[in-house]
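To keep things clear, I will list the structure first and then write my remarks on it.
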Amino acid sequence: MADEALFLLLHNEMVSGVYKSAEQGEVENGRCITKLENMGFRVGQGLIERFTKDTARFKDELDIMKFICKDFWTTVFKKQIDNLRTNHQGIYVLQDNKFRLLTQMSAGKQYLEHASKYLAFTCGLIRGGLSNLGIKSIVTAEVSSMPA
Amino acid sequence: DALSTIILFLQNYPLYIRSIPTENELKFHYMVHTSLDVVDEKISAMGKALVDQRELYLGLLYPTEDYKVYGYVTNSKVKFVMVVDSSNTALRDNEIRSMFRKLHNSYTDVMCNPFYNPGDRIQSRAFDGMVTSMMIQVC
């Protein structure tokens with residue numbers, strides 16, 4: 001579908017754009033990830049407002065996490081989260097076996113260290129969505145193998 | 001001569017206030033602040049009771065002799081409160097519901113505006129226009 005490719009390509013350009021402007025200027029490397037994450041945060045806030053406009057009220061935290069795994073993930077990435085685990089004390093692990101933003105990259109270990117750049121926006125997206133639903137959170141991501 | 005007020009709250013501070021007519025605004029603000037407590041009560045009651053908790057619309061919060069107060073809470077914890085004159089009996093529940101939907105839709109548009117910072121007061125002309133036309137219909 002056309003719009004899927006559009007988002008993927010735009011996202012890749014965004015990441016390289018932020019890093020290019022960093023090279024030319026004042027901003028050190030660590031700030032790039034923060035910038036991308038903050039972008040995701042604001043987008044997540046707006047998105048969640050649109051998505052939850054017509055849904056029923058959420059009963060509890062678990063309900064919200066299920067919403068993120070199913071409806072939210074499907075609307076953004078056209079698939080659901082493959083696995084959700086929790087320790088029922090506030091930690092949730094979402095596992096996506098074929099993360100759309102990384103499937104375009106070659107398999108193998110060489111680009112593993114750069115994967116975090118491509119995950120920052122999505123982490124912010126989740127954090128922004130949760131924050132508008134009333135949940136303060138910290139979102140981190142890790143990649144075990146590419147393409148993942 | 002029907003009066004009404006519409007206020008949007010985020011975590012108990014107002015994001016947007018509009019009243020017609022504009023005198024005696026303070027009285028309305030006071031009423032709306034007390035109705036916030038009722039909104040919170042209803043939300044926490046929903047957590048325990050097996051009542052229809054899926055709806056965003058809260059219905060009539062409390063009637064005084066002169067006015068009726070209606071509430072609505074979005075999933076993003078934004079509360080909408082509307083005060084209408086009791087003498088306006090022509091206004092049915094369904095109409096109030098649809099007014100709240102319109103408010104919610106416009107609020108979503110404001111949220112998606114890149115120049116809008118979540119948490120700021122709402123200063124959008126489109127939003128004002130929508131609220132004005134809605135209030136004119138009521139009065």
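In what follows, every chain begins at residue 1, and chains take the letters A, B, ... in the order their sequences are listed. Quick note: numbers below take in every heavy atom, side chains included, and nothing from hydrogens, waters or symmetry partners.
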> So which residues of residues 112-119 of chain B are in contact with chain A at a heavy-atom cut-off of under 4.5 Å?
Replying inline: B:C112, B:N113, B:Y116, B:P118
>> Counting only heavy atoms not in A:Q80 (residues, nucleotides, ligands), do more than 12 fall under 6.0 Å from its CD?
In response: yes
>> Less than 4.5 Å to any heavy atom of chain B: does that hold for the side chain of A:R50, its backbone, both, or neither?
In response: both
> Taking non-hydrogen atoms and a cut-off under 4.5 angstrom, which of residues 127-137 of chain A neighbour chain B?
Replying inline: A:N132, A:L133, A:G134
> Can you name the nearest heavy-atom pair linking B:N75 to A:T52, along with the distance?
Replying inline: ND2-O, 3.6 Å
> For residues 68-94 of chain A, which residue pairs qualify under ring-ring contact (aromatic ring centres under 6.0 Å, His included), counting only residues two or more places apart or in two chains?
Replying inline: A:F51-A:F72, A:W73-A:F77, A:F77-A:F99
> Between the side chains of A:E49 and B:S76, does any donor sit under 3.5 Å from an acceptor?
Replying inline: yes
> Charged N to carboxylate O under 4.0 angstrom, A:K53 versus B:D109?
Replying inline: no
>> If hydrophobic clusters are built by linking Ile, Leu, Val, Met, Phe, Trp and Tyr wherever their side-chain heavy atoms come under 4.5 Å apart, do A:F7 and A:L9 end up in the same one?
In response: no
>> Among residues at least two apart in sequence or on other chains, which ones pass ring pair (Phe, Tyr, Trp, His ring centres under 6.0 Å) with A:F41?
In response: none
>> How about NZ on A:K70, more than 12 heavy atoms from neighbouring residues, nucleotides or ligands closer than 6.0 Å, or not?
In response: no
> Linking I/L/V/M/F/W/Y whenever any side-chain heavy atoms sit under 4.5 Å apart, do A:V43 and A:L10 land together?
Replying inline: no
